[in-house]
K.L.:
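Could you have a look at this structure, given as structure tokens, before my questions?
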2 protein chains.
Amino acid sequence: MARWRDEHGKALTDYERPSVAVDTAVLTVDGDRLAVLVVPGRGTRPMLPGTFLHPGERLRDAARRALAGKAGLHDVAFAQLEMFDDPKRDHRGWVLSMAHAAAVPRDRLPADALLVPIFEGSARERLEYDHDAMVRLAVAKLRRQYAEHVDPARFLGETFTVLELRRLYETVFGRTFPKDTFRRHVLDGLENTGAMSVVGGGRPAELFRRSGVPLPSAAVAAFDHNPG
Amino acid sequence: MARWRDEHGKALTDYERPSVAVDTAVLTVDGDRLAVLVVPGRGTRPMLPGTFLHPGERLRDAARRALAGKAGLHDVAFAQLEMFDDPKRDHRGWVLSMAHAAAVPRDRLPADALLVPIFEGSARERLEYDHDAMVRLAVAKLRRQYAEHVDPARFLGETFTVLELRRLYETVFGRTFPKDTFRRHVLDGLENTGAMSVVGGGRPAELFRRSGVPLPSAAVAAFDHNPG
DNA sequence: TGAATAGTGTCTATTAGACATTATAAG
DNA sequence: CTTATAATGTCTAATAGACACTATTCA
């Protein structure tokens, strides 16, 4: 049983340790709205899926476990957001929670998943605990990622048209983008497949795939900055 | 004594909980070099100041306590970086560590503080544990902050010339900036005091203070992007 | 043919970066 | 005067954003 003294000579006994939890804001694009996956809370407010860290487990594995159990989700990539450490944040006791972000295409979520829409960077509905703040951080992180790379969360399939990509970006950033400027901004991050989209009513659009090349810093600034 | 079950019915007993620590990368500008504050390690490698989280304590308060004790430092602002959670990262047992970043002017550090210079975003010397990675994150965070605001850590005094500010930015970013372009980039974040610097050998420079206005996104891109 | 959508060319205002010029000090 | 540094003006190439035009499909 581990027991030692820290550099001040204070004995660190086991019963003084906090519980460590993880909570995950899973963002998705539902139609033309950004939304966050929630689970029913104990009261009226929904909450983010989460769990306690098991002995020897890594945080991302705990987050993975929580999503597998509560949402039937597998192979999700996580990003750490922030450790929420208010000693009074959980009525059950001293629980630190590491907030995580993930982004998953709608069709990989269960059809009956509970989704709360995002409006102006926040969940439209009040969530349990400090989960509202977690959602805000997750949205900000998603936007930063989308400003730097083309659809890194793969909300779209392997190939897509510039129009589909622009609609996606308008959903993620909650604003519109001019079509010609947008095209020039993202073109560096795209690779033309040669194939054409089969649509009706107009000239067929070129199908692109992600090239993996980061978007130029000018594009990053244009996306991340507010409409104007 | 706290004890409850998580959502899977698994009993969470205290002895299954990790110890939680904080480590802080305190960055400073020492002459014309960026450097990180370290303390002697148990072996040959130095390490970042850190401590274990005390019961009911907040992470930033633990970080504050560690710096007050080990470096006589007070009133330091912290930013969370990342939770390091490899179960094997600490030979003493299961210790999660929340890495923090801080930036403190050299003259607020003890004269005999141990400083390891930063070179190309990393400590020039190998540090204990995973503290090298923490330093890299801290440097990246500092640069992001400096790209967005004028000297937010106040390495310079209340007033300064554009030349002093440029020298500071060259130190923080480890690259040079053209003097006229730099001036135009930062001018939005400055307020002219009307006073002049008293120097010898040339036209006196105007003294500015921070205006608090964020730098334009074009400037952010110019700073954050690599030399070119 | 017209309607609809995709892709590109052009124009203008802005601006980064390079360079030159003027301004103000000391010796 | 010369020398040194600060501040600003000018020029050029790049480009964001607006707008228009051309291209390719379907009805």
Side-chain angles (χ1 to χ4, degrees), chain A residues 32 147-148 150 156 159-170 173 175-209 211 213-228, chain B residues 32 147-148 150 156 159-170 173 175-209 211 213-228:
Chain A
D32 64 345
E148 285 167 9
V150 169
L156 300 178
T159 66
F160 44 84
T161 67
V162 174
L163 176 60
E164 290 167 334
L165 187 64
R166 181 159 54 92
R167 296 266 179 265
L168 171 63
Y169 270 68
E170 293 182 338
F173 287 91
R175 48 166 297 206
T176 61
F177 294 105
K179 75 164 196 164
D180 39 14
T181 304
F182 179 84
R183 183 186 182 86
R184 275 163 236 196
H185 275 152
V186 296
L187 219 49
D188 281 0
L190 297 179
E191 218 173 67
N192 200 322
T193 63
M196 294 296 206
S197 80
V198 266
V199 291
R203 174 174 171 175
E206 297 167 0
L207 279 173
F208 294 89
R209 69 170 67 88
S211 71
V213 176
L215 298 178
S217 60
V220 174
F223 288 143
D224 233 336
H225 203 257
N226 278 349
Chain B
D32 64 345
E148 285 167 8
V150 170
L156 300 177
T159 65
F160 45 84
T161 67
V162 174
L163 176 61
E164 291 167 335
L165 186 65
R166 182 159 55 92
R167 295 266 179 263
L168 172 63
Y169 269 68
E170 293 182 337
F173 286 91
R175 48 166 296 206
T176 60
F177 294 105
K179 75 166 200 162
D180 40 13
T181 304
F182 179 85
R183 182 186 182 87
R184 275 163 235 195
H185 276 153
V186 296
L187 219 49
D188 281 0
L190 297 179
E191 219 174 65
N192 199 323
T193 63
M196 293 300 206
S197 80
V198 267
V199 290
R203 172 174 172 176
E206 298 167 357
L207 278 172
F208 294 89
R209 68 170 66 89
S211 72
V213 176
L215 298 178
S217 60
V220 174
F223 288 143
D224 232 336
H225 203 258
N226 278 349

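In this text, all values refer to a predicted model and were calculated from it rather than measured experimentally.
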K.L.:
Hey, which sits more toward the 5' end of DNA chain D by its nearest nucleotide, B:Lys179 or A:Ala219?
P.N.:
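With A:Ala219 and B:Lys179 compared, the 5'-side residue is B:Lys179.
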
K.L.:
Starting from P on C:dT5, measure out to CD on A:Glu206 and report it in whole angstrom.
P.N.:
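Going from A:Glu206 (CD) to C:dT5 (P), I get 18 Å.
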
K.L.:
When you compare the side chain of A:Leu165 with that of A:Phe208, does any pair of heavy atoms fall below 4.5 Å?
P.N.:
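No, side chains not in contact.
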
K.L.:
Rounded to whole angstroms, how far apart are CG on B:Leu187 and P on D:dG9?
P.N.:
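The answer, rounded to whole Å, is 12 Å.
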
K.L.:
Taking C-beta and beyond as the side chain, do B:Thr176 and B:Phe182 meet within less than 4.5 Å on heavy atoms?
P.N.:
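They are not in contact (no side-chain heavy atoms under 4.5 Å apart), so the answer is no.
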
K.L.:
Atom CZ of B:Phe182 and atom P of C:dT15: how far apart are they, to the nearest Å?
P.N.:
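In whole Å, C:dT15 P and B:Phe182 CZ are 18 Å from each other.
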
K.L.:
Can you check whether A:Gly189's main-chain N or O pairs, donor with acceptor, with A:Ser211's side chain at less than 3.5 Å?
P.N.:
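Checking the backbone N and O of A:Gly189 against the side chain of A:Ser211, a donor-acceptor pair under 3.5 Å is found.
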
K.L.:
Could you state the CG-C1' distance from A:Leu207 to C:dA6, rounded to the nearest angstrom?
P.N.:
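My rounded result for the distance is 12 Å.
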
K.L.:
What nucleotide, of C:dG7, D:dA18, C:dT5, holds the atom closest to the side chain of A:Arg183?
P.N.:
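Of the candidates, C:dG7 comes closest.
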
K.L.:
Roughly, in whole Å, what's the span from CG in B:Leu163 to C1' in D:dA4?
P.N.:
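Rounding to the nearest Å, CG of B:Leu163 and C1' of D:dA4 are 12 Å apart.
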
K.L.:
With a 3.5 Å cut-off and heavy atoms only, can you find an N or O donor on one side and an acceptor on the other between the side chain of A:Arg184 and the base of C:dT10?
P.N.:
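Answer is yes: a donor-acceptor pair is held.
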
K.L.:
Does the base of C:dA25 carry an N or O that pairs as donor and acceptor with the side chain of B:Arg203 under 3.5 Å?
P.N.:
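Check fails, no donor-acceptor contact within cut-off.
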
K.L.:
Output the single nucleotide from C:dA16, D:dA16, D:dA7 whose closest atom is nearest the side chain of B:Thr181.
P.N.:
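Nearest listed nucleotide: C:dA16.
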
K.L.:
How long is the line joining CG of B:Leu215 and C1' of C:dA16, in whole Å?
P.N.:
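Rounded to the whole Å, the gap is 16 Å.
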
K.L.:
Choosing from C:dT24, D:dT24, D:dG9, which nucleotide comes nearest the side chain of B:Pro204?
P.N.:
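Minimum distance to the B:Pro204 side chain belongs to C:dT24.
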
K.L.:
For A:Phe160 and C:dA6, what is the distance between atoms CZ and C1' respectively, to the nearest whole Å?
P.N.:
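In whole Å, C:dA6 C1' and A:Phe160 CZ are 16 Å from each other.
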
K.L.:
Just the rounded figure in Å: distance from P of D:dA23 to CE of A:Met196.
P.N.:
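Atom CE in A:Met196 sits about 14 Å away from atom P in D:dA23.
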
K.L.:
Got a donor-acceptor contact below 3.5 angstrom from the A:Ser217 side chain to the B:Ala221 backbone?
P.N.:
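No; zero donor-acceptor contacts below 3.5 Å.
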
K.L.:
Can a salt bridge be assigned to the pair A:Glu170 and A:Arg167 using a cut-off of 4.0 Å between side-chain N and carboxylate O?
P.N.:
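Salt bridge present between A:Glu170 and A:Arg167.
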
